[in-house]
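These numbers come from the heavy atoms of this one structure, side chains and all, not from hydrogens, waters or symmetry mates.
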Amino acid sequence: MKLNRREVNAGLLVSALFGAGLPLRGQADQAKAETAPGASRRNYFFQNPTFEMIFLTSLGRAYHSGGDVGKILYLTRQVEDGNYESAFVAFRQAGDEARALAEESAAAGHRESARQAYLWAQNFYDSATYFIDQSRDPSRLLPTWELLYDCWLKSLPFFETPIEPVKIPYEGTELQGFYMRGNSTEKKRKLLILVNGSDGSMLDMWLWGGAGAVARGYDCLAFDGPGQGYALWKQKLYFRPDWEKVITPVVDYVLTRKDVDPKRIALQGISQGGYWVPRALAFEKRIAAGIADPGVVDVSTSWTNSIPKPLQELLQAGRKQDFDSNLAKGTSAADRGYLNFRVRPFGFTSFYDTYHAVQAYNLRDVADKITCPMLVTAPANEAYWPGQSQELYDLLKGPKKLVPFSEESGADLHCEVKGTGLRDLRVFNWLDETLR
Amino acid sequence: MPILSNNPMWEAFGLRALPYALYGGADIGECVSTIDRIGDGSADDWYREWTATADRLAAAARTSEERGHAVSAREAYFRATTYYHVSYFPLYGFPVDPRLTQAFEAEVSCFRRAASLSKPAIEPVEIPFEGTSLPGYFLLADESGRPKPTMVHVNGYDSNIQEMYFAHGPAAVRRGYNCLLFDGPGQGRNLIRDGLALRPDWETVVKSVIDFTLTRPEIDPKRIVLAGWSFGGFLAPRAAAFEKRIAALIADPGQWDQRDGLRTLPVSPDVLNDLDHADPNLFAPMEQALRSPKADPMMRWRLIQRLLWVHGKSNLYDLAREITRFEISSVAQKISCPTLLTAAEGDPIGKGARKLYDALVCPKALIEFTLAEGSGGHCESLSRGLYHQRVFDWLDEILEFSHPEQ
């Protein structure tokens, strides 16, 4: 079988913002915006869909004060469309600048100024991470993630109610968690547990759940599960499909806390968390409500649908060596580095093993076991798992609600990245009524 | 390179809304999708689409409120406030377009619903002034009842107390400062409903406002800060030259005599220096050009629709004479409290900041904001967060205040 590089690149769509699918460089060169992540009626800043999506997300984080609009708009003019090095450098420098502002304010005791600048720094560093693998020097990824994480840790004492770092016992080790106390005077409070996607940061846990929850009187618990953030980089724990094995220890932990109302625990997943949350709920019954934003029934489609048919056939035939060598031949060194990054949270060195493993991330055989009420978001222009929100909704047998977000509402795109306000309204109104 | 729209007016007005996302006054997707629907459309299209977005948010807010979702309701009312506010920008001018009044009333009504759902509550106040009253909002830093440092904000040409909330309010409250927003003559309701024009002796306005603050036990009378934004950056220093009960002054940006702004006009300096005796038809050709359909719409909006209305004048000659009355040079040395001036790269209005700075004899600071920081442009409007960081960090130190108080 012969595959040229262009054929491989043209279809490869292997990662995601939060979840599953930034395009490889070659893909961006194709004028096929209609199938690309972030594709909607028009592009606002960049033709390259990765660039467009990262910038829109960065701007969207301004809601809840997580983004400095003026600086992001300035960067849209500094960054060359499709030039990953220029995007990385711009975001990384903006992160350094914001961190310096934060440190200056923190040193003089100006808490809110410090908090906000630390949030902006995280926004910039996080955005930078999406460009590193196709930049000049991919080895800058870990140091950039370390800065991102450090800014998160340093921001914790400056929240109105400081965020509490917690340790969650898990399979002989501990997961790093962060407990956010809600604005409620109740002694035992509602709790929302937040599940991140394939590559999100703690900043996003605050912005896509935490801030909205705390304002509404929910406590919130965010954590890095296997393959995510700290667990990936510092503990060498990798993704697993059976997420109930993660959530059960998390629920065990929260039930040790006197401030948690055990009858009002909810679980939210964003991006790839839209698979993990329903998966866990099929087995973990101590949770009163679940949210999948968006619904993901089969994680693998974002991997396999985007490789050429001959490669798909090799995968199905179980021809590991042929699959790996053809994929390697069909990609540039930079693209392989990038694939390695996407593959890393799964813990395999072989592409085949990863493509094979991701087949297990599938809800079709377990979705009917979910009994708690579920909300599934269905944003228009969902590019990573299109159609799967409806599919998940249809599979559910318990109380359920499908919440569409139209293009007109401005809250379209994966995880409603530029429409957090409306997202919060719809998600929390439902949760309020479900846990009442 | 435009960001939101190839139409310069929609770009300018759209950027008025977008950055308020930082403080819950807008959301990115709602702004860009609304502007997309307008395209290169007319003022009618602009008004229709923004009010449509605002109506949708207001309806979502009402439903949320009825079902007891106070936070969702508050946030949606806040965003609807901004969208109604932005909707009527192109309709500015006298006589007042009834659609402008309608959107303004919807704006106020949404803001008041949001205010009532805020904690601590945002209190609508009426400040007695010359036999009438000025509308304001009083934002409490907390519910302790203890006296707190307090920001008193002076508005400029085309804003109002609703918009000022997003530009000033949350930043102050989160840092432990109370915040009093008010509209004076020529601003907000006083202009739209009552037809009151702007006035050069702004110290008379501020005197009444400071009198009002002293009736409130939550306000620490020794830590009152007078802060002006946009044209308020001229008005606040003017007032501070006479009003001695304030502890600090901020002018964003600092400005000099408004006569300076007229020097770009195609008129000789001698004539400008003695406008009262000049030919009243001096600006007639310019005015005719501005009123013609071929005029640059943004120029027409600034000079004809906005300035004539706000200053209560019917022609450019009278307007120019009025503007020369706005003078700071003769009183700048009377300002005695610590004063912070801003000047942002890319904002011609801030070019007078250095002149004012040099004339001041009080403790003083000048902070310059840059395009590369993202904080260039008038009032650092795209990056209010950075503005707030610098200004409040300075104020904390001037007032020896830290939040939470030990």
Side-chain angles (χ1 to χ4, degrees), chain A residues 41-42 44-45 56 59-60 62-78 94 97 101 104-105 108-117 120 160 183 212 215-217 405-413 416-422 424-426 428-429 432-433 436, chain B residues 1 3-4 15 18-24 26-34 36-37 53 56-57 60-61 63-64 67-73 75-76 78-79 119 170-171 174-176 371-377 380-386 388-390 392-393 396-397 402-404:
Chain A
R41 196 159 36 174
R42 80 167 172 103
Y44 295 98
F45 304 110
L56 280 179
L59 267 183
Y63 203 79
H64 299 312
S65 301
D68 180 2
V69 173
K71 183 69 185 188
I72 299 160
L73 293 180
Y74 175 79
L75 294 183
T76 64
R77 291 158 166 153
Q78 298 304 300
E97 267 176 48
L101 291 171
E104 199 182 318
S105 288
H110 308 299
R111 299 167 52 86
E112 174 60 13
S113 292
R115 185 185 76 101
Q116 212 170 97
W120 300 345
E160 190 180 357
N183 298 334
R216 288 167 173 84
F405 290 94
S406 69
E407 193 170 272
E408 170 115 353
S409 76
D412 56 318
L413 299 180
E416 305 82 36
V417 292
K418 57 188 170 61
T420 320
L422 192 64
D424 280 4
L425 181 145
R426 298 248 170 93
F428 285 110
N429 286 7
D432 285 353
E433 290 170 19
R436 194 165 273 163
Chain B
M1 190 177 69
I3 292 160
L4 298 173
L15 287 178
L18 188 83
Y20 291 129
L22 185 70
Y23 292 116
D27 209 351
I28 304 297
E30 287 161 2
C31 291
V32 296
S33 69
T34 304
D36 268 4
R37 296 198 302 270
T53 299
R56 201 178 65 223
L57 267 295
T63 306
S64 295
R67 294 190 189 162
H69 309 298
V71 174
S72 293
E75 291 191 4
F78 271 143
R79 302 205 300 283
K119 223 173 147 96
R174 289 179 194 173
R175 289 170 170 88
L371 291 169
E373 284 172 339
S375 58
E380 305 78 34
S381 63
L382 300 178
S383 187
R384 291 295 291 175
L386 185 61
H388 290 133
Q389 178 178 25
R390 298 224 166 110
F392 280 103
D393 288 6
D396 282 353
E397 282 155 34
S402 69
H403 175 67

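- For chain B, the nearby part of A/Ala117 is the side chain; its heavy atoms alone come within less than 4.5 Å.
- Residues A/Trp120 and B/Leu386 share a closest heavy-atom pair of CH2-N, 3.4 Å.
- Taking the salt bridge (charged side-chain N to carboxylate O under 4.0 Å, His left out) definition, one finds that B/Arg390 meets it with B/Glu373, sequence neighbours left out.
- Among the candidates A/Asp424, A/Asn183, A/Leu73, the residue making the largest number of heavy-atom pairs closer than 4.5 Å to chain B is A/Leu73.
- Ranked by non-hydrogen atom pairs under 4.5 Å with chain B, the options A/Gly67, A/Gly421, A/Ser113 are led by A/Ser113.
- When B/Leu4, B/Thr53, B/Val71 are compared by the number of non-hydrogen pairs under 4.5 Å with chain A, B/Val71 comes out ahead.
- Contacts with chain B were tallied for A/Arg115, A/His64, A/Glu104, A/Arg111; A/Arg111 has the most, counting heavy-atom pairs under 4.5 Å.
- Contacts between A/Leu75 and chain B at a heavy-atom distance below 4.5 Å are absent for every atom of the residue.
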**Asked** Which is it for A/Glu112 and B/His403 under the side chain to side chain contact (heavy atoms under 4.5 Å, CB included) test, yes or no, and what are the steps along the way?
**Response** CA-CA 9 Å; A/Glu112 174 60 13; B/His403 175 67; over 6 Å; no
**Message:** Walk me through whether A/Tyr63 and B/Glu75 qualify under side-chain hydrogen bond (donor to acceptor under 3.5 Å, both in side chains).
**Reply:** CA-CA 11 Å; A/Tyr63 203 79; B/Glu75 291 191 4; 2.9 Å; yes
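- Of the two parts of B/Leu15, only the side chain, counted from C-beta on, holds a non-hydrogen atom closer than 4.5 Å to a non-hydrogen atom of chain A.
- In this structure, CG on A/Leu59 lies 10.5 Å from CG on B/Asp27, to the nearest 0.5 angstrom.
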**Request:** Starting from the C-alpha separation in whole Å, work towards a yes-or-no answer on side chain to side chain contact (heavy atoms under 4.5 Å, CB included) for B/Ser72 and A/Arg216.
**Result:** CA-CA 8 Å; B/Ser72 293; A/Arg216 288 167 173 84; 2.8 Å; yes
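- The OG1 atom of B/Thr34 sits 8.0 Å away from atom CD of A/Glu408, with the distance rounded to the nearest 0.5 Å.
- A donor-acceptor pair shorter than 3.5 Å cannot be found between the side chains of A/Ser409 and B/Arg56.
- Under the 3.5 Å distance criterion, the side-chain polar atoms of B/Gln389 are left unmatched by any main-chain donor or acceptor of A/Ser105.
- When heavy atoms are compared at a cutoff of 4.5 Å, A/Leu101 approaches chain B by way of both its backbone and its side chain.
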**Evaluation steps, side chain to side chain contact (heavy atoms under 4.5 Å, CB included), between B/Glu397 and A/His110** = CA-CA 10 Å; B/Glu397 282 155 34; A/His110 308 299; 2.7 Å; yes
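- Interface remark: A/Ala215 contributes backbone and side-chain atoms alike to the contact with chain B (heavy atom separation under 4.5 Å).
- Every residue two or more places apart in sequence or in another chain that forms a ring pair (Phe, Tyr, Trp, His ring centres under 6.0 Å) with B/His388 is listed here: B/Tyr23.
- Interface remark: of the candidates B/Ala60, B/Gly29, B/Ser375, B/Gly29 forms the most heavy-atom pairs closer than 4.5 Å to chain A.
- Using a 4.5 Å cut-off between heavy atoms, B/Ser64 touches chain A through backbone and side chain atoms alike.
- For chain A, the option among B/Glu30, B/Arg67, B/Arg174, B/Lys119 with the highest count of heavy-atom pairs below 4.5 Å is B/Arg174.
- Contact annotation for B/Ala372: both backbone and side-chain heavy atoms come within less than 4.5 Å of a heavy atom of chain A.
- Contact tally against chain A (heavy-atom pairs below 4.5 Å) for B/Leu57, B/Leu382, B/Leu18: the top residue is B/Leu382.
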**Prompt:** Can you list the steps and then say if A/Leu425 with B/His69 is a side chain to side chain contact (heavy atoms under 4.5 Å, CB included)?
**Reply:** CA-CA 9 Å; A/Leu425 181 145; B/His69 309 298; over 6 Å; no
